[in-house]
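Accompanying notes for the structure given below.
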Amino acid sequence: MKARPCVAVLGCFLMYVGLGVPYLFGNITPYLTSYLRQRVNNNTTYEETSWIIYTTESIVSFTFIGVWVAERIGQKATIVIGNVIFSCGIAGTYWAIQYSLEATIVIFGVIANLGYLCFYGFLVPVAMEWFPNNKALVAGIVSSGAAFTPVLMNNLHTFFMNPNNLEPDDDGYFYNSEILDRVPTFFLILGAVQGGIIFIGLLLYQEPRSETPKTYGQTFIDDDTFLATSGSTSAVVHSLLRVIVGRIQDKISYKLTCLILMGLKTILLFTLVATPYGGKVMFIIWICGLFATFSVEFVCIPATISEVFGKKHTAMIYGMAYFVAGGTLLFWPLMLKLIIPHFGWFATFSLMGSMTFIGFLVVMVFPERYLTQPAKTTVSNEEEITFDEAVLGQK
């Protein structure tokens, strides 16, 4: 049945939508930080709350552990356990945020993401198994789910917490008591909604039976609704570009695709500090451009790993690659706390741009492949089909 592969991929996509909470952090952090600053500790700053997202990314870098667990108790059981931990961790932030920043980091940054890592690592490889001739395209479609989360949620979150579109004070923090009162309840709703989306995805999920920058924007844009909308718009671009980049890589090469994206990211980072001179239009164009370049990590790398190492080892190796990248993330909160107050945003963006340019130079030494040629495999001993054939019925 050609519908079964598409339904399974849709399930993976929905679970990525549910897991897309880290992409919401830029929209959430002004309210979260303001709450901690006003209700818990008046010395709390954005630099300190950035520990939450960097802790999140560091924990998620251990995704290979989730793959290891799934190999022993089964993927669906691992997803159920992971979803319970993930959604309860997010909801538990309702209490943690009323206690301290440290408790918030532990609950929202660590506990919730122990659930996240349980099944994040194997969803894309499983989806690619259904369409072995379109691995990069399918990887792009599934992983775009996480990028699509802000499209669905950013403006809804802003409307819930700031329905009157009130501006933060000159120091970048909210002081309105009605806004702050809503912040803890928001995490209860967020945990329920994201967990529910993952559960729906799980109902559709099936393994193939085979042989084997909102903070920066606030410095010169006094419009919270616009900043939320810009986050949603950039997420749309991010989501679409994951699919497009996957299709492009299937047709050309990993090296050329990465060079284009990393070169673009380097240029945008070095020129991001100029966006105040172009106003809202320039800001949203630059942010959308940066989001578009994230496809390197979430599309190009897993698809290439699958080609080189085969489907049996893709999930584990991708998880280990993510672990290496995540190990550097605890470095960034310290750097931001030192750089932004003393050297400003230009130095911050220049450092990030320099790191990206180093990656660009490294990719240049990779071997070139002008046409990817995924190995043919079978699925449930049925006739092999491509993604286009499954969706469009062209067989």
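Here the structure is a predicted model, which is why all the values come from computation and not from measurement. When reading the values below, keep in mind they use all heavy atoms of this one structure, side chains included, and skip hydrogens, waters and symmetry mates. Sequence positions, counted from 1, serve as the residue numbers for this chain.
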Practice problem: Could you state whether Ile198 and Val7 fall into the same hydrophobic cluster, counting links through intermediate Ile, Leu, Val, Met, Phe, Trp or Tyr residues with side-chain heavy atoms under 4.5 angstrom apart? | Solution: yes

Quiz prompt | Side chains of Gln38 and Ile179 in contact at under 4.5 Å (non-hydrogen atoms) | solution = no

Exercise. Compute the ring centroids of Tyr173 and Tyr46, then answer whether they are less than 6.0 Å apart.
Key: yes

Quiz item: Is the backbone of Ser100 close enough, under 3.5 Å, to the side chain of Thr104 for a donor and an acceptor to pair up by distance?
Solution: yes

Self-check item: For Phe122 against Ala70, the heavy-atom pair lying closest together
Solution: CE2-CB, 3.6 Å

Practice problem: Please round to the nearest 0.5 Å and tell me the distance separating atom CG of Asn155 and atom CZ of Phe160. | Solution: 15.0 Å

Self-check item: Side-chain (Glu48) to main-chain (Thr45) donor-acceptor, under 3.5 angstrom
Solution: yes

Quiz item: About how many Å separate CG of Leu264 and CG of Leu259, when rounded to the nearest 0.5 Å?
Solution: 12.5 Å

Exercise. Not counting sequence neighbours, which residues clear salt bridge (charged side-chain N to carboxylate O under 4.0 Å, His left out) with Asp169? List them please.
Key: none

Quiz item: Do Val281 and Val273 share a hydrophobic cluster (ILVMFWY, side-chain heavy atoms under 4.5 Å, transitive)?
Solution: yes

Quiz item: What's the shortest heavy-atom distance between Leu117 and Leu114, and which atoms?
Solution: CG-O, 3.4 Å

Self-check item: Side-chain touch Tyr175/Arg37, heavy atoms, less than 4.5 angstrom
Solution: yes

Quiz prompt | Reported OH-to-CG distance for the pair Tyr23 and Asn154, which is rounded to 0.5 angstrom | solution = 13.0 Å

Quiz item: Less than 4.5 Å apart, any side-chain heavy atom of Leu190 and any of His157?
Solution: yes

Self-check item: Minimum heavy-atom distance between Leu272 and Leu290, given as atom pair plus value
Solution: CD2-CD1, 4.1 Å

Practice problem: Starting from the C-alpha separation in whole Å, work towards a yes-or-no answer on side chain to side chain contact (heavy atoms under 4.5 Å, CB included) for Leu36 and Asn41. | Solution: CA-CA 6 Å; Leu36 288 168; Asn41 184 341; over 6 Å; no

Exercise. For the pair Asn113 (side chain) and Phe108 (backbone), establish whether a donor and an acceptor sit closer than 3.5 Å, ignoring hydrogens and angles.
Key: yes

Quiz item: Between atom CZ of Phe25 and atom OH of Tyr54, what is the distance when rounded to the nearest 0.5 Å?
Solution: 9.5 Å

Self-check item: Main-chain N/O of Ile141 paired to Ser144 side chain as donor or acceptor, under 3.5 Å
Solution: yes

Self-check item: Test log, rule side chain to side chain contact (heavy atoms under 4.5 Å, CB included), inputs Asn134 and Arg247
Solution: CA-CA 8 Å; Asn134 300 98; Arg247 191 62 167 174; 3.2 Å; yes

Quiz item: CZ of Phe159: more than 12 outside heavy atoms within 6.0 angstrom?
Solution: no

Quiz item: side chain to side chain contact (heavy atoms under 4.5 Å, CB included) between Ile52 and Leu101: does it pass, once the steps are laid out?
Solution: CA-CA 9 Å; Ile52 298 173; Leu101 171 61; 4.2 Å; yes

Self-check item: Phe199 CZ: over 12 foreign heavy atoms closer than 6.0 Å
Solution: no

Quiz item: Ring centroid separation for Tyr16 and Tyr120, is it under 6.0 angstrom?
Solution: yes

Practice problem: Return yes if some donor-acceptor pair links the side-chain N/O of Asn83 with the main-chain N/O of Ile79 below 3.5 Å, else return no. | Solution: no

Quiz item: In terms of hydrophobic clustering (I, L, V, M, F, W, Y; side-chain heavy atoms under 4.5 Å; direct or indirect links), are Ile107 and Val84 co-clustered?
Solution: no

Quiz prompt | Asp171 CG: over 12 foreign heavy atoms closer than 6.0 Å | solution = yes

Practice problem: Give a yes or no on whether the backbone of Ala274 and the side-chain of Trp286 come within a donor-acceptor separation of less than 3.5 Å. | Solution: no

Practice problem: Test side chain to side chain contact (heavy atoms under 4.5 Å, CB included) on Val9 and Val142 and set out the steps. | Solution: CA-CA 7 Å; Val9 170; Val142 172; 3.8 Å; yes

Quiz item: Of the non-hydrogen atoms in Cys12 and Ala127, which two are nearest, and what is the gap between them?
Solution: SG-CB, 4.2 Å

Quiz item: For the residue pair Phe148 and Phe13, does the interplanar ring angle fall in the parallel (under 30°), tilted (30 to 60°) or perpendicular (over 60°) class?
Solution: tilted

Quiz item: Do you know the tightest heavy-atom contact between Ala8 and Trp130?
Solution: CB-NE1, 3.3 Å

Quiz item: Under a 4.5 Å side-chain heavy-atom rule over Ile, Leu, Val, Met, Phe, Trp and Tyr, are Phe62 and Ile81 clustered together?
Solution: yes

Quiz item: Does the side chain of Tyr35 reach to within under 4.5 Å of the side chain of Pro184, using non-hydrogen atoms?
Solution: yes

Quiz item: Taking the side chain from Gln194 and the backbone from Ile189, do they hold a donor-acceptor pair closer than 3.5 Å?
Solution: no

Exercise. Taking the side chain as every heavy atom from C-beta outward, state whether Leu123 and Tyr205 have any atom pair closer than 4.5 Å.
Key: yes

Quiz item: Applying the side chain to side chain contact (heavy atoms under 4.5 Å, CB included) test to Thr356, which of Ile267, Leu261, Leu269, Leu268 qualifies?
Solution: Leu269

Quiz prompt | Distance in Å, Cys288 SG paired with Phe283 CZ, rounded so as to fall on 0.5 Å steps | solution = 9.5 Å

Exercise. Measure the shortest side-chain to side-chain distance between Gln98 and Val40 over non-hydrogen atoms and say whether it is less than 4.5 angstrom.
Key: no

Quiz item: Say you draw a straight line from CD1 of Ile244 to CG of Leu137; how long is it, rounded to the nearest 0.5 Å?
Solution: 10.5 Å

Quiz prompt | Donor-acceptor under 3.5 Å (Ser50 side chain, Glu47 main chain) | solution = yes

Quiz item: Can we call the ring centroids of Phe357 and Phe270 under 6.0 Å apart?
Solution: no

Quiz item: Can any side-chain N or O of Asn162 pair as donor or acceptor with the backbone N or O of Leu166 at less than 3.5 Å?
Solution: yes

Exercise. Please report the closest heavy-atom contact between Glu167 and Phe174, naming both atoms and the distance.
Key: C-CE2, 3.9 Å

Quiz item: Side chains of Ile28 and Phe186: closer than 4.5 Å at any heavy-atom pair?
Solution: yes

Quiz item: Would you say Val183 and Tyr94 are hydrophobically clustered, going by side-chain heavy atoms of ILVMFWY under 4.5 Å?
Solution: no

Quiz item: Quick one: does Thr93's side chain have a donor or acceptor within less than 3.5 Å of a partner on Ile90's backbone?
Solution: yes

Quiz item: Is the shortest heavy-atom distance from the side chain of Ser34 to the side chain of Met161 under 4.5 Å?
Solution: no

